[in-house]
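Scroll down for the structure; my scribbles are underneath it.
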Number of protein chains: 2
Amino acid sequence: MSSEGCSGCQVRERALCSTLSDGELARLNAISRQKHIERGATLMWAGDEGVVCGNVIAGMLKMTAFAADGREQIVGLLYPGDFVGRPQAGELPFSIAALTDSHLCIFPRAPFQAMLDDHIAMERMLLRRTMTALDEARHRMLLLGRGTAEEKLAGFLLEMIERSGAVPSGRAITAGEATIDLPLSRGQIADVLGLTIETVSRQMTHLRTAGIIDVPGGRLVEVRDLAALRARAMVD
Amino acid sequence: MSSEGCSGCQVRERALCSTLSDGELARLNAISRQKHIERGATLMWAGDEGVVCGNVIAGMLKMTAFAADGREQIVGLLYPGDFVGRPQAGELPFSIAALTDSHLCIFPRAPFQAMLDDHIAMERMLLRRTMTALDEARHRMLLLGRGTAEEKLAGFLLEMIERSGAVPSGRAITAGEATIDLPLSRGQIADVLGLTIETVSRQMTHLRTAGIIDVPGGRLVEVRDLAALRARAMVD
DNA sequence: CGGATGGTTGATGTGACTCAACGTCGGTGG
DNA sequence: CCACCGACGTTGAGTCACATCAACCATCCG
């Protein structure tokens, strides 16, 4: 696996490692390990000591917070190129599980931490990304705290569209060009949005009967009127 | 103001600057400016170019996200020692306003950014703090998305108690030792918790009639049963 | 075929919102 | 000094959006 080296890595240009030269990359490669994780499997449990961190190479994962009684809230989604875990010591605040079969490049925390210390550019990139993630989390707080069910779902679908790359951000489309295959079940969407399965389902049919989307199969969603979808999302 | 130097600064030990030696501090001091901001006044508006950043020395501030129709959500609270702003370029995602008369030590972004580059320890502290803030934001997503009104208010009061230092975190108290003076109006509490003014008020009297808190005056809250308050908050 | 999983839909319940009235406090001006 | 005002908080009645409970359907797979 890791004997293949990093040069052919799918996220070579996007992940934190993009700040490293080929030579430096060799050092990181020496401590890295490829990890495959099946859809539905959990990579880390909240409360565990987080002994590894790494990069998402392929697939999609969720970060989940739990209440004592089992209620759960998905607090973040991870895409290829994203960094996972905390370089510093301490127990993990959230569980991380795979939504689709995923592929990661992981490092033991201590040597990676040392690596970060020696490579300021990489640390700086991590800082910048963490700040971006913080802004996104706060933006989602507005949606969770003040949004209606329709706004939540519309906003979620828009995020999925942009992340899937089906529609260049900001572009307008006319007919149903954009089709996305959601990697989340209705229940998981509900956990992202702070809703119930039934409400997500109802809002989905609501958007469908309004002609804004089409739902050819369970997790397939075809956007027929992007502008209308944007109008129903929360803007700020 | 800044001629007094940093040695007597109230947050000398807590703010980012604690990573700097007295000598290095002089350089920072040279570009810093003290700023007083009155309760209710806005320091930065969402959408503005964020040309400064700084440290909170005294007082308390809020970060607010707005929807197009005026709905608002407070996405973060700032306490003495906290860092404000983005060192990098870009427009501000959220507005920042003072909840109490506040005192800040601000720097133009560019020279501060340069300072950060030269002082890895400071940048590292900023990274660590940003990660902590991200964890807190995500934790609050659980509360916003899945919490009941009572859980939200109980959690908020507990945060206020801990931040006010009235009760050492984790300690148990018996009688009404802890009294806090909330710097937020009911409406602002509602904006933190994603509720309405009326619901906050009702939950407040609900906790009062249950004997858990006492509300001697508008913003004064006396905790009479901390354990019961914790039991009504969301735990994970 | 039968069971499991995931999704939709309907009937009903309820927690929080909305609308509205009223109380309290602190300031301001006659 | 009191009348008035505005900001803030409380409380009540009614409503509504979303949750809950429950039935049903489609797909997949052993």
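Keep in mind that this is a model prediction, so the values were computed, not measured. Letters go in sequence order (proteins before strands), and every chain restarts at 1.
- Here D:dT11 is the nucleotide among D:dT11, C:dT8, C:dG7 with the atom lying nearest to any side-chain atom of B:Thr205.
- With rounding to whole Å, B:His206 atom NE2 is found 15 Å from D:dT10 atom P.
- Distance CG (A:Leu207) to C1' (C:dG7): 16 Å, rounded to an integer number of Å.
- Here D:dG9 presents its C1' atom at 9 Å from CD1 of B:Ile197, a figure rounded to the nearest Å.
- Looking at A:Lys62 and A:Asp191, no side-chain N of the basic residue comes within less than 4.0 Å of a carboxylate O on the acidic one, giving no salt bridge.
- In this structure A:Arg109 satisfies the side-chain hydrogen bond (donor to acceptor under 3.5 Å, both in side chains) test with no other residue, sequence neighbours excluded.
- Evaluation of the side-chain hydrogen bond (donor to acceptor under 3.5 Å, both in side chains) rule for B:Glu91 yields no partner, not counting sequence neighbours.
- When the local axes at the two ends of the helix from C:dC1-D:dG30 to C:dG30-D:dC1 are compared, using 5 base pairs at each end, they differ in direction by 20° after rounding to 10°.
- A distance of 4.5 Å separates CE of B:Met60 from CG of B:Leu77, quoted to the nearest 0.5 Å.
- Rounded to an integer number of Å, the gap from CG of A:Leu220 to P of C:dT8 is 12 Å.
- Contact check, B:Arg219 against D:dG9: a side-chain N or O comes under 4.0 Å of OP1 or OP2.
- When rounded to the nearest whole Å, the span between CZ of A:Arg39 and C1' of C:dT5 equals 11 Å.
- The minimum heavy-atom distance linking A:Pro87 with A:Phe83 is given by the pair CD-CE2, 4.2 Å.
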What does the B/S/- profile of nucleotides 18-30 of chain D look like, 5' to 3', with a 4.0 Å heavy-atom cutoff to protein?
SSBBB--------
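- Between A:Ile213 atom CD1 and C:dG7 atom C1' the separation is 14 Å, expressed in whole Å.
- By the 4.5 Å heavy-atom criterion applied to side chains, B:Val221 and B:Met160 are not counted as neighbours.
- Taking B:Thr205 as the reference, B:Arg208 meet the side chain to side chain contact (heavy atoms under 4.5 Å, CB included) condition, with sequence neighbours excluded.
- If you measure from atom CG of A:Leu184 to atom P of C:dG6, you get 13 Å, rounded to the nearest angstrom.
- How far CG of B:Leu134 is from CZ of A:Arg86: 5.5 Å, rounded to the nearest 0.5 Å.
- Between B:Arg186 atom CZ and C:dC25 atom C1' there is a gap of 14 Å when expressed in whole angstrom units.
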Sequence neighbours left out, cut at 3.5 Å: what donor-acceptor pairs do the side chains of residues 38-48 of chain B make with other protein atoms?
none

